[in-house]
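Let me begin by presenting the structure, written as structure tokens, before commenting on it.
Source: prediction; values computed, not measured.
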Amino acid sequence: MTFSHLASRLDNIAPFHVMELAKMAAALEQQGRHIIHMGIGEPDFTAAPLVIEAAAKAMADGKMQYTSATGLPALREAISGHYKQVYGLDIAPARIVVTAGASAALLLACAALVEKGSEVLMPDPSYPCNRHFVAAFDGRAKMIASGPAERFQLSDQMVREHWGEDTHGVLLASPSNPTGTSILHGELGKIIATVRAKGGFSIVDEIYQGLSYDEAPFSALSLGDDIIVINSFSKYFNMTGWRLGWLVLPEQLVAPIEKLAQNLFICPSSIAQHAALACFAPDSLALYEERKSEFKRRRDYLVPALIELGFKVPVIPDGAFYVYADCSALSDDADRLVKEILNQVGVSMVSGLDFGPHTAQTYIRLSYATSMENLHEAVRRLGQFFSKN
């Protein structure tokens, strides 16, 4: 059977080139090649021991039934307590909705707020799925070219200049994928004040907020109760495959989001939720902080090493586990460059192609979510590649 009438919205969803490169790397591995993976944004650390024990106990105790669509009350309370402990914020548990990963959180937020033809501002470069969540509800992501001067983020001036009659809000990420850069706190406050004055919504993706290295912990939630924040157990808490995240919502959005979640997802994984309660145990939190320090150590090795190889790193990443490196002095085609590097020396990275047209041909994203041993070997192989090309 063939389908001749696919929904037209599919025309606005681009392929995910990161995953295509991952397939190429996997094919080389099947041929017996040793590949160093610096392309996929996934921690090399796995769930903390207490989390795994909690999952096993939940299954042994039969705690596998549906939960509320908004999540286990105990988990919502634990997340609330985490905001108090880390950020000094009083976030009512009732404003927290546990979701099937940050992707589901973004899907729910866009389902509630994006209308046909409405426009959402975001920077170019941005995580590609963000614009596709908007497109899934027949909205338009307006990608605004952003460079090193703006830390690859939106500025208040850019929001003011590009806000139009069809603009409904902004979708920001701080720290960002692919750049690892955060929006300066004062600038974020100005952006949110501008959006608020225009009657729009502000969605802030904070899934990498726990992996911020150079400043005191900060959340956009400190800037007002009308901000929608996305977070996840995948990155700081190292639970990528468990598919668990959360939303912090303005009070009036909780009931509409709950209605959507009931219909679209029933509930997040009950086992993952019971396991995630152990994320907030003191021993688990101490382990996450150790791992965060290791990520910072890797960053502090990789950035200077890349610069020595001939890359430019115009903005030092202050969060996540990515370096967004300008390769224009080394190649006039970033996508071709990463494929040549993969095939010749077995280091897997991705070009800026997925993240928007502004940096598609001149930047590559490297993930340092791999061991120091692998990073040293990757730098050695890159040096070998550039000495021959």
Exactly one of L75, N238, I207 clears side chain to side chain contact (heavy atoms under 4.5 Å, CB included) with F233, and that residue is L75
Same cluster or not: are I144 and V315 linked, directly or through other Ile, Leu, Val, Met, Phe, Trp or Tyr residues, by side-chain heavy atoms under 4.5 angstrom apart? yes
CG on L330 to NZ on K312, rounded to 0.5 Å: 9.0 Å
Rounded distance (nearest 0.5 Å) linking atom CZ of R297 with atom CE of M372: 4.5 Å
For Q361 and D332, what are the C-alpha separation, side-chain angles and deciding distance, and is it a side-chain contact (heavy atoms from CB on, under 4.5 Å)? CA-CA 7 Å; Q361 296 303 315; D332 60 2; over 6 Å; no
Is there a path from V51 to M59 through hydrophobic residues (I, L, V, M, F, W, Y) whose side chains come within less than 4.5 Å of each other? no
Taking atom CG of N177 and atom CG of D205, what is their separation to the nearest 0.5 Å? 8.5 Å
Please step through side-chain contact (heavy atoms from CB on, under 4.5 Å) for the pair D318 and T181, ending with a clear verdict. CA-CA 5 Å; D318 60 285; T181 63; 4.1 Å; yes
Side chain to side chain, S351 and L337, heavy atoms closer than 4.5 Å: no
Over 12 foreign heavy atoms within 6.0 Å of CD, E251: no
Determine whether T370 and F321 satisfy the following criterion, side-chain contact (heavy atoms from CB on, under 4.5 Å), listing intermediate values before the conclusion. CA-CA 9 Å; T370 188; F321 33 65; over 6 Å; no
N12 side-chain N/O to A135 backbone N/O, donor-acceptor pair under 3.5 Å: no
Look at the side chain of K235 and the backbone N and O of G41, then say whether any donor-acceptor pair between them is shorter than 3.5 Å. yes
Any donor-acceptor pair under 3.5 Å linking the side chain of E206 with the backbone of A220? yes
May I ask you to decide whether E377 forms a salt bridge with R381, counting only side-chain N to carboxylate O separations under 4.0 Å? yes
Straight-line distance of L375 CG to Y368 OH, nearest 0.5 Å: 10.0 Å
Check whether D61 reaches the backbone of K63 with its side chain - one donor and one acceptor, N or O, closer than 3.5 Å. no
Does atom CD of E161 have more than 12 heavy-atom neighbours from other groups under 6.0 Å away? yes
Evaluate the ring planes of H376 and Y301, with Trp represented by its six-membered ring, and classify them as parallel (under 30°), tilted (30 to 60°) or perpendicular (over 60°). tilted
Taking a hydrophobic cluster as the set of Ile, Leu, Val, Met, Phe, Trp and Tyr residues connected by side-chain heavy atoms closer than 4.5 Å, whether directly or through intermediates, do M64 and M239 fall within one such cluster? no
Check whether any side-chain N or O of R365 sits under 3.5 Å from a backbone N or O of G39 as a donor-acceptor pair, and report yes or no. yes
Residues, nucleotides or ligands: over 12 heavy atoms within 6.0 Å of E215 CD: no
In terms of heavy-atom contacts, does CD of E29 have more than 12 from other residues, nucleotides or ligands at under 6.0 Å? yes
When you measure from the side chain of R33 to the backbone N and O of N343, does any donor-acceptor pair fall under 3.5 Å? yes
Could you tell me if the side chain of V347 sits less than 4.5 Å from the side chain of M38, heavy atoms only? yes
For Y363 and F152, I'd like to know if the aromatic rings sit close, meaning centre-to-centre distance below 6.0 Å. yes
So do the side chains of S118 and L113 get within less than 4.5 Å of each other, counting heavy atoms only? no
Flag yes if L211 and F45 sit in one hydrophobic cluster, no otherwise; membership is Ile, Leu, Val, Met, Phe, Trp, Tyr, and two members link when side-chain heavy atoms are under 4.5 Å apart. yes
Which heavy atom in P178 sits nearest to a heavy atom in P125, and how many Å separate them? CG-CB, 4.0 Å
Stepwise, does the side-chain hydrogen bond (donor to acceptor under 3.5 Å, both in side chains) test hold for Y324 with S176? CA-CA 10 Å; Y324 209 50; S176 162; over 6 Å; no
For the side chain of T99 and the backbone of A104, is there at least one donor-acceptor N/O pair under 3.5 Å apart? no
Within one Ile-Leu-Val-Met-Phe-Trp-Tyr cluster: I271 and F265, side-chain cutoff 4.5 Å: no
Centroid-centroid distance, F295 to Y288, less than 6.0 Å: no
Report the C-alpha separation of F218 and L188 in whole Å, then their side-chain angles, then the decisive distance to 0.1 Å, and conclude whether the side-chain contact (heavy atoms from CB on, under 4.5 Å) test is met. CA-CA 11 Å; F218 174 83; L188 181 58; 3.9 Å; yes
Any side-chain to backbone donor/acceptor pair from Q65 onto G62? Under 3.5 Å, distance only. yes
Where do R298 and E294 land on the salt bridge (Lys or Arg N to Asp or Glu O under 4.0 Å) test, with the steps shown first? CA-CA 6 Å; R298 296 173 184 178; E294 174 61 13; 3.2 Å; yes
Quick check: closest heavy atoms across Y83 and S219, and the distance to 0.1 Å? CE2-OG, 4.2 Å
Output all residues satisfying salt bridge (charged side-chain N to carboxylate O under 4.0 Å, His left out) with K292, sequence neighbours left out; order by chain, then residue number. none
Are Q273 and T67 close enough that a side-chain donor and a side-chain acceptor fall under 3.5 Å? yes
Testing E150, R151, Q153, K190 for side chain to side chain contact (heavy atoms under 4.5 Å, CB included) with I183, which one passes? Q153
I want to check something: taking the side chain as every heavy atom from C-beta on, are L302 and V379 in contact at a cut-off of under 4.5 Å? yes
V114 and V134: which non-hydrogen atoms are nearest, and at how many Å? CG1-O, 3.9 Å
Name the orientation class of the two ring planes belonging to Y322 and Y208 (parallel below 30°, tilted from 30 to 60°, perpendicular beyond 60°). perpendicular
Shortest non-hydrogen contact from R196 toward I227: NH2-CD1, 4.4 Å
Does a side-chain heavy-atom distance below 4.5 Å link M122 with M143? yes
Does CD belonging to E340 count more than 12 external heavy atoms closer than 6.0 Å? yes
Between the CD atom in Q209 and the OG atom in S182, the distance rounded to the nearest 0.5 Å is 6.0 Å
Donor-acceptor pair, Y213 side chain versus A320 backbone, under 3.5 Å? yes
Could you check whether D225 pairs with R95 (Lys NZ or Arg NE/NH1/NH2 to Asp/Glu carboxylate O, under 4.0 Å)? yes
Check the pair F311, F386 against ring pair (Phe, Tyr, Trp, His ring centres under 6.0 Å), reporting the backbone distance first and the verdict last. CA-CA 11 Å; F311 293 95; F386 288 116; 5.6 Å; yes
Minimal non-hydrogen separation, V98 against P268, with atom names: O-CG, 3.3 Å
Tell me the closest heavy-atom pair linking I191 and V159, and the distance in Å. CG2-CG2, 4.0 Å
Under a 4.5 Å cut-off applied to non-hydrogen side-chain atoms, are S202 and L172 in contact? no
What's the spacing between H274 NE2 and S269 OG if we round to 0.5 Å? 9.0 Å
With a 4.5 Å limit on heavy-atom distance, are the side chains of L171 and L106 in contact? yes
Judged by atom type as modelled, is there a donor-acceptor pair below 3.5 Å linking the side chain of R76 to the main-chain atoms of A94? yes
Taking side chain as C-beta onward, heavy atoms only, is V18 less than 4.5 Å from F355? yes
